[in-house]
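FYI, the numbering just counts along the sequence from 1.
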Amino acid sequence: MANSYLNRTQTAGTSTRKFTYSVWMKRSSISTSGNYNSGFFNCWGDANNRLGLYFYDNKLYLYGVTGGSANISVRTNRLFRDTSAWYHIVLAVDTTQGTAADRIKIYVNGVQETSLDQTTYPAQNFDFPTVGVNAKAIEIGRVNFGDQSTYYYMDGYLSHAAFVDGLQLTPTSFGETDSTSGIWKFKSPSGITWGNNGFHLKMENSAALGTDSSGNSNTFTVNGNLKQALDTPSNVYATYNSLNPNNPDFSNGNNTLTRSSNSWKPAWTTIGASSGKYYCEMDWDSGSNFTVGFSTADVPGSNPALDDIVGNPSNGGYLTVLYDNGVIYNNGSSAGAYGSGSSYTTGDIMMLAMDLDNNKFYFGKNGTWFNSANPANNTGGYDINASYTNSTWCFTACVYGTGSWHGNFGNGFFGTTAITSAGSNGNGSLFEYDVPSGYYALNTKNINTYG
């Protein structure tokens, strides 16, 4: 969330020279040239004494100021622009090391980043003025660059933020390689000596996201509109894909699509599937001229015309079946009315179901399926053209003019508003209405199990 963070005031620490910070994150937006973005670790005293970990030009950047002078600047050459995957980031610090490069180590998904474009390390035995120092702040989810009014907030998801006071650890304390897939995955930290200011924020209690599970009771204060998501490093949920050449505006963890000018702007999900059955909901929040539906994973060029949005096959093989207030558009052409009484307006919650085993799409609103359809019984759906089968399909929304859609892909929120009451058959995911039997949220675990 763009105004959300957690903070805590430190006590006298175990060390001012050694610490480890570990966090799992999924970015929702990327920075443009010359911009700061997604600050997620901030140790703050005042404008002249601070340490921040954030992204700059999509590079991972640790920057520190002591006594008004910059004395730490370590930045990767590598760019981090994947908004569909989780990163595990570990910052391991020990200024007692004789070799400068060993004093600050940055790891991503278990591997140390050694290709760096800035390498200003602290002096040997340097004491941080803001780490392990009584009355200095630690913040998770934002950084500040000196004026105490301009903050750069984390835009995305955070999970299992952990801080070890007094030790420089390796990533294997917090993650491990899966023996089957070879993928770096979360491991619950155990046997760690956390130190005085150490903490482990699992963020598993929606009513107390700042609760410390290290045993230290170093609980953080929650600020802003912070929301708990079911999206985790071990089960990644679909969101709208912000890596979109058409430049709509995304927010709320890429679950809200907004447009403020008169041109069509489509959005598709970060995850697609070629088999299985999947369900989502979209809340029409405001504005006019919207469509919802399904699209193949191939995306069109920048700023396509309306025909390209609804699937002109000459534009890169982008195929779409969209629903526009009672009419289905199939690959750029009207396929006629679909059901009776099937118009929609602001405040309606649209229901979408895709059956990629029987090649059918379903549309509905506010708990009722259009065309007297029953997705669970495979009746009343819109048949996909046979030539579209074996494609990878995503959920899609398009906006024209000023307005916004909120997508609920299973996390249980429309924007920052929680669903009123969960329907049945969510299978661990949270939707407003009953999920048809045999259908699931579009996430990696369900694709692996049912796809």
>> Would you call the rings of Tyr21 and Phe41 parallel, tilted or perpendicular, taking 30° and 60° as the class edges?
In response: parallel
>> Going by side chain to side chain donor-acceptor pair (under 3.5 Å), name the residues that satisfy it together with Asn411, two or more places apart in sequence or in a different chain.
In response: none
> Tell me the salt bridge (Lys or Arg N to Asp or Glu O under 4.0 Å) pairs involving residues 428-451, sequence neighbours left out?
Replying inline: none
> Between Phe361 and Trp393, how do the two ring planes meet: parallel, tilted or perpendicular, split at 30° and 60°?
Replying inline: perpendicular
> What residues, two or more places apart in sequence or in another chain, satisfy side-chain contact (heavy atoms from CB on, under 4.5 Å) together with Pro233?
Replying inline: Trp24, Trp86, Ser159
> When rounded to the nearest 0.5 angstrom, what is the spacing between CD1 in Ile89 and CG in Leu91?
Replying inline: 10.0 Å
>> Test of understanding: with ring pair (Phe, Tyr, Trp, His ring centres under 6.0 Å), list the residues that count as partners of Phe19, not counting sequence neighbours.
In response: Phe128, Phe163
> Any ion pair linking Asp355 and Lys360 (charged N to carboxylate O, less than 4.0 Å)?
Replying inline: no
> Considering residues at least two apart in sequence or located in another chain, which fulfil the ring pair (Phe, Tyr, Trp, His ring centres under 6.0 Å) criterion with Tyr278?
Replying inline: none
> Atom CD1 in Ile140, atom CZ in Arg142: separation rounded to 0.5 Å?
Replying inline: 11.5 Å
>> Going by the rule ring pair (Phe, Tyr, Trp, His ring centres under 6.0 Å), which residues pair with Phe395 if we only count those two or more places apart in sequence or in a different chain?
In response: Phe294
> Below 4.5 Å, heavy atoms only, C-beta onward: do Arg78 and Ser115 meet side chain to side chain?
Replying inline: no
> So, is the end of the Arg27 side chain (NZ or CZ) under 6.0 Å from the ring centre of Phe80 and within 45° of the ring's axis?
Replying inline: no
> When Tyr54 is tested against each of Tyr151, Tyr152, Tyr61, Tyr153 for ring-ring contact (aromatic ring centres under 6.0 Å, His included), which residue passes?
Replying inline: Tyr61
> Are Asp231 and Lys26 within salt-bridge range, i.e. N to O under 4.0 Å?
Replying inline: yes
> Going by distance alone, is a donor N or O of one side chain under 3.5 Å from an acceptor N or O of the other, for Asn255 and Thr239?
Replying inline: no
> Between the side chains of Asn42 and Arg50, does any donor sit under 3.5 Å from an acceptor?
Replying inline: no
